Each structure stands twice: as C-alpha cells, then as structure tokens.
Amino acid sequence: MRSNDEIRNSIEAFSARELTELEDSLSDNWYLEKLNIGQKIAATRKEGNFLVIAGPGTGKTHTLAYRVLHMIKTGTDLSKVVVITFTRKAGNELKYRINQLMPNTELGFVGTFHGFANHISQMNGKQSPISKFRLLDAEDDRQVHSLVMTDYRGFSKPIRAGRIQKLISYCVNTDMTPQEYIKKFDLRNLMDDGDAIEAYRKVYERYKVEHMLANYDDMILKISHFMDHKENRLPLPYKYLMIDEYQDTNKMQLDFIKKLNIPNVMAIGDDFQGIYSFRGADHKIILNFYRDFEDAKMIKLTRNYRSVPEIVNRVNQTVEASKLGYQKVLISAKDMSGYVEVVPGNTLESHRDFVISKIKEKPEESHALIYRYNKHRTVFEKALINEGIDYAVYGGVRLLERKHIKDVLAFLMVYLNRRDVVSYNRILTIYPGIGPKTAKRLMKYELKDTDRLNDEKTAFVGQVRDILTTTVNKDELLSLVIKLYMSIYDLIESDYYTVSDVKDDFQLLTDLLQSYESLENFIINLILDPVVDLKKGKNPKVILTTIHSAKGLEFENVYYFHSHDWYKNYDLEQTEEDRRLFYVGISRAKNNLYVFDHTDVPRPFESILKDFEKIDMASVSDDSSDPEEANDVETEKDEKKEQSNVIKVDFGSGKRK
Ligand SMILES: Nc1ncnc2c1ncn2[C@@H]1O[C@H](COP(=O)(O)OP(=O)(O)OP(=O)(O)O)[C@@H](O)[C@H]1O
C-alpha cells in the first residue's frame, strides 16, 4: 500500500513556464492581487475537479471567499454555486468573509451536509421522502432510542440509550455493522450483544418510519437514495460544488456528494487536520479524491500567514514526527518573531496562575485556552470570574442544547402537535418517577388516566394538561411553561446549572421567541437553524475552547493543554489522532504558544511532547523567516529550496463512481 507521501510524491509540478503564463493571464484581475500564486490558481479554476490541500493558516477560507469574488467578476450565476462546510459556524464565517469582499452576495447554498439535504428536500416539496417527517436533533433521537428500548428485550444487559445512539450513528456513517464496530473499538462488554444490537437497529428504524421521524443521518441517507430516482425529483440546478474541511468527511457524506452529480467539485482540506474519526470521519477520503472525482487536479498551499516562524517550525516538526509518513513544509509569511514555551508544572492550579498573569500582561491581545475536555475549563472559568476578566466558552453546551431549554421547547412542540410522541414523552418524564411506560399510558388516555399516580404526580399531569388545552398567545404560553418548570425545578436532577443560570437562559429564550412571528416558525428555526449562544460578553479577548471548537480560529496567544485519561489501548491510530489534535491546537497561535506539560498526563502524549521539545531552534531554516524568499512559485532556480506550493497532479483516469 502506498503511504500518504508516496501518493503526493507522484505529483507532477507545474513547470516554471506554465506558472508564468498563468500569472500573466491573471494579471488583469486586480482584485486577486492580494493572493499568492497558489491561492490565485485555486480561486480562478472554475471548470473541473480540484483538491486544494493546504496546511493551517494558508488561507483556505480566504481563498474560497476570493473564488466566489472571481465568480462574480466573471459573470457566473451564483445561484448555481453550493458550498458545504463542516459546521454552521464555518458556513457563517465564510458568508461573512464573502460579504466583506462583495456585500449582499447570495449563493445557491452555504451550510452543512444535512442542511443541504434538507434544502434539496424542501426544493422537492411533497415529492421529498422526508417532507412529512418530523426532524429529530441528537437529543430527540436519544429520546426515541429510550422509547424503543423500553420494549426491546434482546440485550443481555442494560445498555444506555446514548451509547446505542452513538454506535448506530457511527455504523450508518461508515457503512459498518454493529459487530464490526464492537470489534474495531474492542468493546469487550458488548461482544455478546452484537447480533442483538443489529436486531434492535431494525426495530428502531421501523419505529422511526412508523412515527414519521428522521434524524440527521436519515436526512442525508434518504435524500441520497432519492437522488437515484431521476423520475421523481427535480434536477439539481447546481454547477459548482465546494466542500470545506474535506478531511473530516465520512463515507455516507461522500456517497451523498457523489450522488449530487455536480460537474465541478472543489474540495479543500488538510489531511493532517482530520480529528473527527470518533464520528466516523475517514481522513483517507481526501487522499482518494482522484478516484472519486474524474480528472482531478491538486493544488497545494504551503504559505502560512497566521503564525510567526518559531510556531510554524513547531507545526512542521509535529507533522514530520508522524509515524504515518507525512512530510509537510509550511513556510511562515510573517516577518516577526514570537515565542514558544513548554511550561512545566504539576497542577492545573499552577498553570492557571501562569495563564492569568500572561492575560493580565497583555489584556488587549486575544488569548485562547485550548483543552481537550470541557471539564478542564472549570478551574480557569472560576479564576477568570474572580479576576473580573470577560471570557467566552466555545464548544460547551450551547443554549439550545441545554436540558432545561430542551424540556421547555418540548412543551411548545406538543402544544403544536399532540402526535409528537418524542416531545410528549420528554415532558412527562421530566417529573421524577414518571417513566416511559407511564408516559405511554398517559399519552394514550390524553393525560386523564392518573389513577395509579400519587398526588404530586397527578397534580403535575393536571397542570400539563391545562397548559396543553389552554388557548393563549405564544409568549403567554412560554411564560406558563416556564412557571410550571420552575415550580418543579428542585425535583429535577441538575448538578451542572444553578437556578440563576436556568433563569437567565429562560429569559434569553423568552426574548428569542418574541422576535418570531409565530410559534411554528420559532420551532422550525430552532431545530434546523440553532442560534449560537452569545450570552457571555460581546467580544471577549479570552476564549476557553476545546480543540475541536478551536478549528478554523486564530489567536495571538495560545495556551495548550492536552489530556486523555480514559483510553486504555493506545494504538498507532489513536496516537496519530492525538498528534493531529495537537497540530490543530498549536497551529491556532499567531505569536505566542505555551504548551502545558502535566506530569499526570498519560504516556502517549509524552512521546508527542518529546518530539516537540526535541526541536532545535537553531536549525530553523532561513527560508521560512523571509517571506519574499519563500516564494510560492517554483522556478528552476528554487527547485531545491522548497517544494512547490502549486502542484498539478496527474491522478490517472479515475472516474466518478
Ligand atoms: N494571501 C494572503 N495575504 C495576507 N494574508 C492572508 C493571505 N491568505 C490568508 N491570509 C490571512 O491568513 C490567516 C489565515 O487564513 P485562513 O483562516 O483563511 O486560513 P485557513 O487555511 O482556513 O486556516 P485553518 O485551516 O488553520 O483554519 C487569516 O488571517 C487570513 O486573512
């Protein structure tokens, strides 16, 4: 099998003459002046399939925005352009950057995979296979599992609904069987239940169809199948597809893209930034682009505009230390120096004091604390509050995903649709002691069969019934629901949110509802288009974030904490994913990078850190400190100096499958 670098080394570079000709042909396009030659080529290639492989900070998002600008300037009908981003946040960032270049620009579609599946569904109206389905977000989907599992007797031992949900979703996304999943992750305690889970999966799928329910995976799958039936669906009007963060694509998403049959595909990504394997992403998909899309060409960007040379060299070194045979050479375009330090210390408390003092030294600069698990942020959060330093949290539980908010939304959904069994079950089972079985009976008899309940539960069910049958406007309805919820809040288990947190969140929800015309619109928008929680501060300079949520962002100062405490079997794959996480985390830093060396961090990280510390700063190449020297265009003279940034690939004659 060829290694990743062998695949890349088979790449044929543009000749110096070809590059000069290309550069000349683009010289009239003054609006591209700010791009380097690699970026220019990516921005101006319209027809054909292209893979842009680019390291962190090399301007992938920047180039995408300019590509749209170039399309506008050259008269492309933008309604034929689709951009798929990995998260809604990334989609919004791209829209923002495009609108900075050209205000009021509207594309055919910009958003996530399931957002696009939903878009196609809406285009097809009643013909869509999911037109009448109630869409489930992840939390609702888990409720469905809870409901189905109450009647399923096949498992040899109790299994949590969340665990089954994760397992089945992974299998759907990767086309794997539960048995294969159990083997892959060496889940010994599920070894005997592989067949039972397979059988359960069928029951669960049937339940969703019978109750007209579709989760995010179903949206993509059902629309993918629908695309096979030309006779039923409207032809897609799109000519250009761009996909960002292509290294995080999984098999189901790849199949979906191929079914769309959009003639010109540009995928953008960094094969070393793949950090979503736990959700079924397969970072090898990026290397097989040439097999999946006809006559693909590759464009490589290696000039980093974000970080100082000291940091870029550490980033390069992290890639080189990989055991999977990668070699990447990023070149810093910055003509200034920065600082890198591995900070020793045993406790999170000593690290906290260090970080707080650094933040106080430079309050006007941006500071990001990057950690792997949310629990690590608590010690910093408290200190920041005590010091009166404003901050924001990325990657925590967002407003609309918080349990109390979801509980209240469920009331509103049942008010609109009494047949919404998922929400109905949720609101009844909020009350401790009312389980799914009792809830089922109560639903069946329209909340009247309370004989077997004690007085408190009967009173609660009576209040629910009153709310559901009253006629009030949307704002009054929400206020009634909140009042009932707060009256039983003491009974509801929550070790995470204080009463005052919950009240603040409800106030935000009340304000949000007021800005909508109708309850129906509010619900549809909240499920498909969740609002980001902007409650804490407006533009705080200090950000607490998980590595996954830091993706795509940049900060002047980065404090990187690593940790992985629950893995027992650390294999090469896992260690390499950790290395990629480390790479994503440290490459967010523009000027100063501090890496924290916990002595209690388990060993796999130690080896990554050792590789990192080994770097001899004296060996930093001169090429990288001089942005003018580090030219992106490969000329014959430069041949030995750096690999070309702009590369044409002869990928053979792979056909779109
Ligand atoms: N040609 C250029 N000239 C000057 N600045 C640039 C250029 N290209 C990109 N930049 C700047 O470099 C920074 C990184 O760009 P961008 O966020 O688009 O990188 P990226 O490749 O998407 O990064 P990552 O993969 O790490 O998220 C941004 O501040 C951007 O404005």
Side-chain angles (χ1 to χ4, degrees), residues 23 26 29-44 51-70 83 85-87 89-101 242-248 266-276 283 286 299-309 311-312 314-316 318-319 328 330-336 366 368 370 394 543 545 547-556 558 560 580-591 593 627-628 630-633 645-646:
E23 180 101 83
L26 296 172
N29 302 329
W30 52 268
Y31 52 87
L32 299 176
E33 258 166 31
K34 291 197 179 133
L35 301 185
N36 66 44
I37 179 71
Q39 293 176 327
K40 267 187 203 169
I41 290 176
T44 54
L51 172 64
V52 181
I53 287 210
T58 50
K60 291 185 283 295
T61 319
H62 196 72
T63 306
L64 270 183
Y66 272 89
R67 188 167 196 246
V68 172
L69 179 67
H70 180 70
V83 185
T85 55
F86 193 64
T87 59
K89 192 165 94 202
N92 288 339
E93 170 68 20
L94 181 67
K95 280 187 207 164
Y96 172 78
R97 292 209 203 176
I98 294 171
N99 274 286
Q100 289 229 308
L101 293 174
M242 296 181 233
I243 314 157
D244 199 10
E245 306 278 10
Y246 194 62
Q247 74 284 349
D248 289 323
M266 178 174 274
I268 300 112
D270 177 356
D271 47 342
F272 211 75
Q273 284 195 59
I275 54 171
Y276 277 91
H283 71 279
I286 193 168
I299 301 165
K300 229 175 164 187
L301 309 178
T302 59
R303 196 164 190 193
N304 178 300
Y305 290 90
R306 173 178 298 144
S307 313
V308 293
I311 295 173
V312 167
R314 299 297 182 122
V315 171
N316 282 335
T318 303
V319 177
K328 280 205 166 178
L330 282 177
I331 304 154
S332 172
K334 276 194 161 173
D335 192 11
M336 59 186 276
S366 55
I370 303 186
Y394 294 169
I543 305 298
T545 172
I547 306 171
H548 288 91
S549 296
K551 228 175 168 197
L553 306 178
E554 54 190 28
F555 310 92
E556 276 143 336
V558 163
Y560 184 90
R580 291 194 294 272
L581 281 162
F582 184 64
Y583 166 87
V584 170
I586 63 171
S587 60
R588 304 301 99 203
K590 290 163 96 169
N591 304 337
L593 169 67
E628 292 311 315
N631 201 318
D632 281 316
V633 182
N645 280 14
V646 185

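Read the numbers this way: they start at 1 and go in the same order the structure lists the ligands and their atoms. Everything numeric in this text was worked out from a predicted model, so none of it was measured.
Of the polar atoms of G57, at least one N or O is found under 3.5 Å from an N or O of ligand 1, judged by distance alone. For ligand 1, the polar-atom distance check against G59 finds a nitrogen or oxygen pair separated by under 3.5 Å.
In this structure, E245 CD and I268 CD1 are separated by 9.5 Å, a value rounded to the nearest 0.5 Å.
The protein non-hydrogen atom at the shortest distance from atom 5 (N) of ligand 1 is Y305 CD2, 3.6 Å. Looking only at heavy atoms of the protein, atom 25 (O) of ligand 1 is closest to K60 NZ, 2.6 Å. Atom 30 (C) of ligand 1 has H62 ND1, 4.0 Å as its closest protein atom, hydrogens excluded (heavy atom only).
For F272 against T318, the heavy-atom pair with the smallest separation is CZ-O, 4.3 Å. Residues K551 and Q273 approach most closely at NZ-O, 3.3 Å, considering heavy atoms. A pairwise comparison of heavy atoms in E93 and T61 identifies CG-CG2, 4.5 Å as the closest pair. Heavy-atom minimum distance, A589 versus R306: O-CG, 4.2 Å. For K334 against V308, the heavy-atom pair with the smallest separation is CD-N, 4.0 Å.
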Subject >> Check against side-chain contact (heavy atoms from CB on, under 4.5 Å), R588 and L593 >> reply: CA-CA 9 Å; R588 304 301 99 203; L593 169 67; over 6 Å; no

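At a 4.0 Å heavy-atom cut-off, ligand 1 touches R97 through the side chain alone.
In the vicinity of T61, heavy-atom distances shorter than 4.0 Å reach the ligand 1 atoms 18 (O), 22 (O). Below 4.0 Å from some heavy atom of T58 lie the following atoms of ligand 1, by number and element: 19 (O), 21 (O). Proximity to E554 (heavy-atom distance under 4.0 Å) selects the following atoms of ligand 1: 13 (C), 14 (C), 28 (C), 29 (O).
Under a 3.5 Å cut-off, the side chain of N591 and the backbone N or O of E556 do not form any donor-acceptor pair.
Distances from ligand 1 to the non-hydrogen atoms of G552 include at least one value under 4.0 Å. By the 4.0 Å heavy-atom criterion, Q273 is counted among the residues contacting ligand 1. At a 4.0 Å cut-off, at least one heavy atom of R588 sits close enough to ligand 1 to count as contact.
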